[in-house]
K.L.:
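Dropping a structure here in structure tokens format, bear with me for questions.
Naming: A, B, ... by sequence-line order, numbering from 1 per chain. Not measured: the values here are computed from a predicted model. Atom set for the values below is all heavy atoms of this structure, side chains included, hydrogens, waters and symmetry mates excluded.
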Amino acid sequence: MKRTHHCAQLTPSDLHTTVSLAGWVDSVRDHGGIIFVDLRDRQGITQVKFDTNLRAEAALLKAESVIAVTGKVELRPEAMMNKNLPTGQVELDASELVVHNISETPPFPLTDAGGDKVNEDLRLTYRYLDLRRPKMRKNLLTRHRATKAVRDYFDAQEFIEVETPALFKSTPEGAREYLVPSRIHPGEFYALSQSPQQFKQILMVAGVEKYFQIARCFRDEDLRSDRQMEFTQIDVEASFIDREGIYTLFEGMLKKVWQEVLQHDLPTPFPRLAYHDAMNRYGVDKPDTRFALELVDLSDTFKTSGFKVFASTIAAGGCVKAFNAKGLADITQGEIGALEEIAKSLGAKGLAFIKVEAGEWKSPIVKFFSEAEKAALTQKLSIADGDIIFFAAATWDRACAILGRTRLEAAQLLVKRGRMTIRADQWNFLWVVDFPLMSYDEETKRYVATHHPFTAPVPEDTALIDSDPKAVRGQHYDVVLNGMELGGGSIRIHQPALQKKIFEDVLKIPADVVESRFGYMLKAFTYGAPPHGGIAFGLDRMVALLCGTTSIRDVIAFPKTQKAQDLMAQSPTPVTAKQLKDLHIQTVIPPQ
RNA sequence: GGGGUGGUAGCUCAGUUGGUUAGAGCGUCUGCCUGUCACGCAGAAGGUCGCGAGUUCGAGUCUCGUCCAUCCCGCCA
């Protein structure tokens, strides 16, 4: 039996025609003499009626069984039409039934509402059932549409998609890699590509000029709701382009994706925010600008304060920052405690605060403040009744981090109380720019590339590379949406001499190591490397936000758990001794 | 590696101060039912309270360890 229609197709215009449908049994309603089966396929649901000799057979059907049905399309009695169903005016009067497979009872409900509450480990174990849920099916479709829009866009912009190797060489800088032992070269390893960075730059030297790729990337780092061990990047690189060119190009792509997927017109250009300003105002380099609660610097106010904790921090080169969690004065002891724990985990000694209730400032520290200081606070933080002010006194980056995090938690508490709304469909894109090219790593006592070592310095800062490396800004940019870093890129270094200098003189990578790891790149650059730049953008994260979730597991068909396991297929597993022997490797833990 | 939350029936959860035979809703199974669409009605089955120790006359409940899921920190050039 071949199906002639799908399950969202039949309307009164098909009346009295004989059609065949195939799909899954969504539900069975057995009334004894008459049985209704909701038949479901990818497109929708159609009601099938069994009241003939097929009744006995239909009575044996269970939910999620796979059947094919032939019958006549009939109009339902007027009162029996279902307005909630696109096919609700008609039903199929079954004359033939093929049972392809009777299903076991599913271990959890396959509805949107029921399935969302189920423990995720169960959903992952039975992912093929989870993916039958309408919401998950929709997520897969959204991902497809978004990916297609990206390909169409870059194609129209005359970019070409070039595939690059997943099996690359190990470059221990940056993210931890997955190693792949070589059978042919005993004792040697490939690494799964963390990103096509080096290949795409080489493609520029190769004269491709406009490259893009929907690229799978691999990183052996701990997983999060927005991080999987393998993930997909929209990877782009172009020659003869500057930062403004990248901004325009990429804003165009996002505009198209939002148009195609959500029929939403994204306003462009996106606002830009300097890294330093982002940190100062929001305490993070990926601010969520859908709500304010902005940080304020109070170092001037407390420079000579009688409150020694503040004054001495400032004297030692630190700063005092605060923000007003407007209307959160009714915070509970438990909530304050939780905020304090978070602050402490970020290096704070405590989390000072002032509650303002009934015109009175309630706080363990307010007794140390002078009237002038109080007046300054009131003015700078727009303090009113019902507010609570959180303070941090520490080094600049630590104070930013503490309050940046506290700001997000406070926002959640305000949302919980219904005093603030953070809409999932408000799209606050922004470019974060002017990152420092290098930052000093206290652990290894050397400079490390903030982004990656191929980022070009801002031209007017180039002179500072030797004298004051941390003052040099990179031509780097991040795309941020609603507090999530979606991507980043830079204009690259295309002069081999400058690249070599960055590796050896600034990052202090020994010359022989530079030669063995990046020698081929430096060599390529000596054969006419065009100026170029690009961006790498997290497809999974973007699709997640398009789907109204922040967990990329919801938009990846077969994701891993936080412990990096596939609960369905049950990977990873031990391998046989022969496999290990072929690969010339031994495990320290013996195979089981 | 560290911190938080959770783990009780197939699923989602409740379970009081440590005290009799561990409950509910949904689902499942059986029977009845020709107009339901979350069908209805009647009945039934279903439990290693994640696992292991410990305290106690007595542990779902308290303590310690451990496993799993999840959120976060570290980590993610």
K.L.:
Listed in order of residue number, which residues of residues 45-56 of chain A have a non-hydrogen atom at under 4.0 Å from RNA chain B?
P.N.:
Q47(A), K49(A)
K.L.:
Throw together a table of side-chain donor-acceptor distances under 3.5 angstrom for residues 81-92 of chain A, partners on residues two or more places apart or in other chains.
P.N.:
residue: N82(A); atom: OD1; partner: N84(A); partner atom: N; Å: 2.9
residue: T87(A); atom: OG1; partner: I45(A); partner atom: O; Å: 2.6
residue: E91(A); atom: OE1; partner: Q47(A); partner atom: NE2; Å: 3.0

K.L.:
Which residue, L85(A) or S195(A), contacts RNA chain B at a nucleotide closer to its 5' end, judged by nearest heavy atom?
P.N.:
L85(A)
K.L.:
Distance between the P atoms of rG4(B) and rC64(B), in whole angstroms?
P.N.:
12 Å
K.L.:
Name all residues meeting the side-chain contact (heavy atoms from CB on, under 4.5 Å) criterion together with Q565(A); count only those two or more places apart in sequence or in a different chain, and write none if there are none.
P.N.:
T561(A), K563(A), P572(A)
K.L.:
If the C1' atom of rG46(B) is compared with that of rG27(B), how far apart are they to the nearest Å?
P.N.:
11 Å
K.L.:
Which value, in whole Å, describes the distance between the C1' atoms of nucleotides rC67(B) and rA53(B)?
P.N.:
15 Å
K.L.:
Scan residues 34-64 of chain A for pairs that pass ring pair (Phe, Tyr, Trp, His ring centres under 6.0 Å), counting only residues two or more places apart or in two chains.
P.N.:
H31(A)-F36(A)
K.L.:
Return the residues of residues 222-234 of chain A meeting this criterion: a heavy atom under 4.0 Å from some atom of RNA chain B. Order them by number, or give none.
P.N.:
D222(A), R224(A), S225(A), R227(A)
K.L.:
List the residues meeting side chain to side chain donor-acceptor pair (under 3.5 Å) with R55(A), not counting sequence neighbours, and say none if there are none.
P.N.:
none
K.L.:
Which of residues 61-79 of chain A sit near RNA chain B, with a heavy atom under 4.0 Å from it?
P.N.:
K62(A), R76(A), P77(A)
K.L.:
Could you work out the separation of rG23(B) and rA9(B) based on their P atoms and round it to a whole Å?
P.N.:
14 Å
K.L.:
With sequence neighbours left out, write down each residue that passes ring-ring contact (aromatic ring centres under 6.0 Å, His included) with Y275(A), or none if nothing qualifies.
P.N.:
F435(A)
K.L.:
Which part of the nucleic acid, if any, lies within contact of Q197(A), taking any heavy atom under 4.0 Å across all strands shown: a base, the sugar-phosphate backbone alone, or nothing?
P.N.:
base
K.L.:
Start at the 5' end of RNA chain B and walk down; is the nucleotide closest to Q565(A) or to T450(A) reached first?
P.N.:
Q565(A)
K.L.:
If a protein heavy atom is under 4.0 Å from the base, mark B; if only from the sugar-phosphate, S; if neither, -; do that for nucleotides 6-13 of chain B going 5' to 3'.
P.N.:
----SSS-
K.L.:
Determine the interatomic distance between C1' on rA45(B) and the same-named atom on rG50(B); round to the nearest Å.
P.N.:
24 Å
K.L.:
When all nucleic acid strands are considered with a 4.0 Å heavy-atom cut-off, which category describes R123(A): base, sugar-phosphate, or nothing?
P.N.:
nothing
K.L.:
Would you please name every residue forming a ring-ring contact (aromatic ring centres under 6.0 Å, His included) with Y178(A), sequence neighbours left out?
P.N.:
none
K.L.:
Check every atom of rA69(B), rU36(B), rC75(B) against the side chain of R29(A) and return the nucleotide holding the closest atom.
P.N.:
rU36(B)
K.L.:
Compile the donor-acceptor pairs under 3.5 Å between side chains in residues 477-485 of chain A and protein atoms, sequence neighbours left out, one pair per line.
P.N.:
residue: Y477(A); atom: OH; partner: S490(A); partner atom: N; Å: 3.3
residue: Y477(A); atom: OH; partner: S490(A); partner atom: O; Å: 3.2
residue: Y477(A); atom: OH; partner: G534(A); partner atom: O; Å: 2.8
residue: D478(A); atom: OD1; partner: H476(A); partner atom: NE2; Å: 3.0
residue: N482(A); atom: OD1; partner: N428(A); partner atom: N; Å: 3.0
residue: N482(A); atom: ND2; partner: Q426(A); partner atom: O; Å: 2.7

K.L.:
Who are the ring-ring contact (aromatic ring centres under 6.0 Å, His included) partners of F537(A), not counting sequence neighbours?
P.N.:
F250(A)
K.L.:
Can you tell whether the side chains of K135(A) and D112(A) come within less than 4.0 Å, N to carboxylate O?
P.N.:
no
